[in-house]
Amino acid sequence: MREPLFVKQNSSKWSSFENDPTNDPDELADRFIQITDDLAYAKTFYPKSKTTAYLNGLAAGLHQSIYKNRTEKSNRFITFWKYELPLLFKAYEKQLLYSFIFFIIFFLMGVISAKYDSNFVRLIMGDQYVDMTNANIAKGDPFGVYKQWGEVPMFFMIASNNIFVAFINFVSGIIFSVGSVYYLFKNSMMIGTFEYYFFSKGLGLSSILVVWIHGTLEMSSFIIAAAAGLVLGNSLLFPKTYSRVVSLKKGAKDGMKITLGLVPLFLIAAFFESFVTRHTEMPIWLSVTILILSLLFMIWYVIIYPNLLSKNLK
């Protein structure tokens, strides 16, 4: 389509968006998606035109309106979880996919390394942890490590540590995204090594039923935190039509929102690890139920719901 025809077909819509502002979050989200679609088309076919520059500015304005709108302060928390965070997952679905792929690759690297190097498990997990776990296995309580501390202090220790690590993972993305990939590498390698260790002891299924009660939400959140770091790093590396400073500010804001959105998930995961995982004698059906529901929730909220929301807004 020639640029004049493209402008003629959409100019009235753009003008209404520019001259008739709204504070309704649903309407703002709908307008933002429409403009970003038009901007993507313009950047593809008219990358250096005034139309593309105009749409870029309009999209930036709508973006600011969405995230700075405070007309429904009493409903702000619900709006964030219902619209903003899912739309961010949709907007940065590529970064989420890349982070998940990195996790799988690094996880398998941990498994393979532990399989072919007898010292690798101790290198990654530490002699103290391996010796303690071997002793617990000999006593018939392989996951006794989860029973060493009281529920409440364990909850605060795990929750605070995981939230801190997630924010470090995000912030390290400023190092051209490499920092976030590095932290994901460390976590994924450790999980792969951990799982191989228990499978090699004939406790693979037990480890899944016990550890992934909390690990499903916890590891999923670390993958998302790494994706937030990629958002930050990519905004610096690939500013597109924005100036590098404006792009970095946008990436930092969006990445921070994604990371903040993980805090409740880390709290729930810490609750499971502190109050539930220690009950290794629980019925298998209960363990499987918690694991499956956690996995289904993450798939629905991070993948399915954002796509449905984006489709409905269009």
Side-chain angles (χ1 to χ4, degrees), residues 33 36-37 39-40 43-44 59 63 84-113 162-163 165-193 195 212 215-242 244 246-263 265-266 269 294-311:
I33 290 173
T36 52
D37 286 344
L39 176 60
K43 285 166 63 177
T44 301
H63 184 274
E84 290 186 37
L85 188 58
L87 287 174
L88 285 172
F89 287 149
K90 176 60 180 177
Y92 296 109
E93 58 186 356
K94 287 185 178 180
Q95 284 83 349
L96 288 167
L97 177 60
Y98 296 153
S99 184
F100 177 73
I101 291 173
F102 281 135
F103 164 72
I104 295 297
I105 293 173
F106 298 149
F107 176 91
L108 293 176
M109 287 173 62
V111 172
I112 294 171
S113 298
N162 287 346
I163 292 171
V165 171
F167 273 88
I168 292 296
N169 199 332
F170 159 62
V171 173
S172 63
I174 194 66
I175 311 175
F176 308 111
S177 295
V178 176
S180 294
V181 175
Y182 168 73
Y183 277 100
L184 184 60
F185 168 78
K186 290 180 61 177
N187 287 324
S188 305
M189 284 279 286
M190 183 183 67
I191 295 298
T193 304
E195 282 300 332
W212 288 91
T216 302
L217 293 178
E218 186 176 88
M219 200 60 226
S220 298
S221 297
F222 280 128
I223 292 172
I224 297 172
L230 294 180
V231 171
L232 176 62
N234 288 1
S235 69
L236 179 62
L237 289 170
F238 312 109
K240 298 181 179 179
T241 58
Y242 296 102
R244 202 169 297 275
V246 171
S247 177
L248 181 59
K249 287 181 179 179
K250 179 179 181 297
K253 177 183 285 188
D254 290 349
M256 177 60 76
K257 287 195 173 187
I258 292 173
T259 308
L260 285 172
L262 298 175
V263 171
L265 296 178
F266 279 123
S294 298
L295 180 61
L296 289 177
F297 170 77
M298 294 305 300
I299 293 173
W300 175 79
Y301 189 70
V302 178
I303 301 173
I304 298 175
Y305 176 63
N307 278 280
L308 290 175
L309 181 60
S310 177
K311 182 179 179 180

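From a predicted model like this one, the values you see are computed outputs, not experimental measurements. Quick note: residue numbers are just sequence positions, from 1.
- Between the Ser99 side chain and the Gln95 main chain, no donor and acceptor come within less than 3.5 Å of each other.
- Contact check for Lys90 versus Leu309: no side-chain heavy atoms found under the 4.5 Å cut-off.
- Taking the side chain as every heavy atom from C-beta outward, Glu93 and Asn307 approach each other to under 4.5 Å.
- The CD1 atom of Ile112 lies 8.5 Å from the CE atom of Met109; values are rounded to the nearest 0.5 Å.
- Residues Trp300 and Leu296 have side chains not in contact (no heavy-atom distance under 4.5 Å, counting atoms from C-beta outward).
- Taking a 6.0 Å sphere around OH of Tyr305, one finds it holds more than 12 heavy atoms contributed by other residues, nucleotides or ligands.
- Residues Leu39 and Ala59 approach most closely at CD2-CB, 4.2 Å, considering heavy atoms.
- For the pair Leu217 and Leu295, the minimum side-chain heavy-atom distance is 4.5 Å or more.
- Within 6.0 Å of atom OH in Tyr182, 12 or fewer heavy atoms from other residues, nucleotides or ligands are found, so the atom counts as exposed in its surroundings.
- Taking CG of Leu230 as the reference point, atom OH of Tyr92 lies at 12.0 Å (rounded to 0.5 Å).
- Atom CD1 of Ile175 sits in a sparse spot, with 12 or fewer heavy atoms from other residues, nucleotides or ligands closer than 6.0 Å.
- Between Leu248 atom CG and Leu236 atom CG the span is 5.5 Å, to the nearest 0.5 Å.
- For the pair Ser180 and Gly229, the tightest heavy-atom approach, listed with the atom from each and the gap, is OG-CA, 3.1 Å.
- Two residues are said to be in side-chain contact when any heavy atoms from C-beta on lie closer than 4.5 Å; Tyr301 and Leu85 meet this criterion.
- The OG1 atom of Thr36 sits 6.5 Å away from atom CD1 of Ile33, with the distance rounded to the nearest 0.5 Å.
- Looking at Ser310, its side chain never comes within 3.5 Å of a backbone N or O of Pro306 through a donor-acceptor pair.
- Closest heavy-atom contact between Phe167 and Met256: CE2-SD, 3.5 Å.
- Put simply, CE on Met219 and CG on Asn162 are 10.0 Å apart, with the number rounded to the nearest 0.5 Å.
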Determine all donor-acceptor pairs shorter than 3.5 Å in which one atom belongs to a side chain in residues 184-193; sequence neighbours excluded.
unit_1, atom_1, unit_2, atom_2, d
Asn187, ND2, Tyr183, O, 3.3
Ser188, OG, Leu184, O, 2.7
Thr193, OG1, Met189, O, 2.8

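- Within the model, atoms CD1 of Ile258 and CG of Leu232 stand 10.5 Å from one another, a figure rounded to the nearest 0.5 Å.
- Met298 is listed as a side-chain neighbour of Ile224, based on a closest heavy-atom distance under 4.5 Å.
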Would you sort out whether Glu218 and Trp212 count as a side chain to side chain donor-acceptor pair (under 3.5 Å), showing the intermediate values? CA-CA 9 Å; Glu218 186 176 88; Trp212 288 91; over 6 Å; no
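- By the 4.5 Å heavy-atom criterion applied to side chains, Leu262 and Ile163 are not counted as neighbours.
- Counting all heavy atoms, side chain and backbone alike, Thr259 lies closest to Ala228 at OG1-CB, 3.5 Å.
- The main-chain N or O of Ser235 is found under 3.5 Å from a side-chain atom of Ser247 such that the two form a donor-acceptor pair.
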So Phe222 and Phe266, ring pair (Phe, Tyr, Trp, His ring centres under 6.0 Å) or not? Walk me through it. CA-CA 9 Å; Phe222 280 128; Phe266 279 123; 5.1 Å; yes
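- In this structure, Phe102 and Phe106 have parallel ring planes: the angle between them is below the 30° cut-off, well short of the 60° mark.
- For the residue pair Gly255 and Val231, the shortest heavy atom distance occurs at N-CG1, 4.2 Å.
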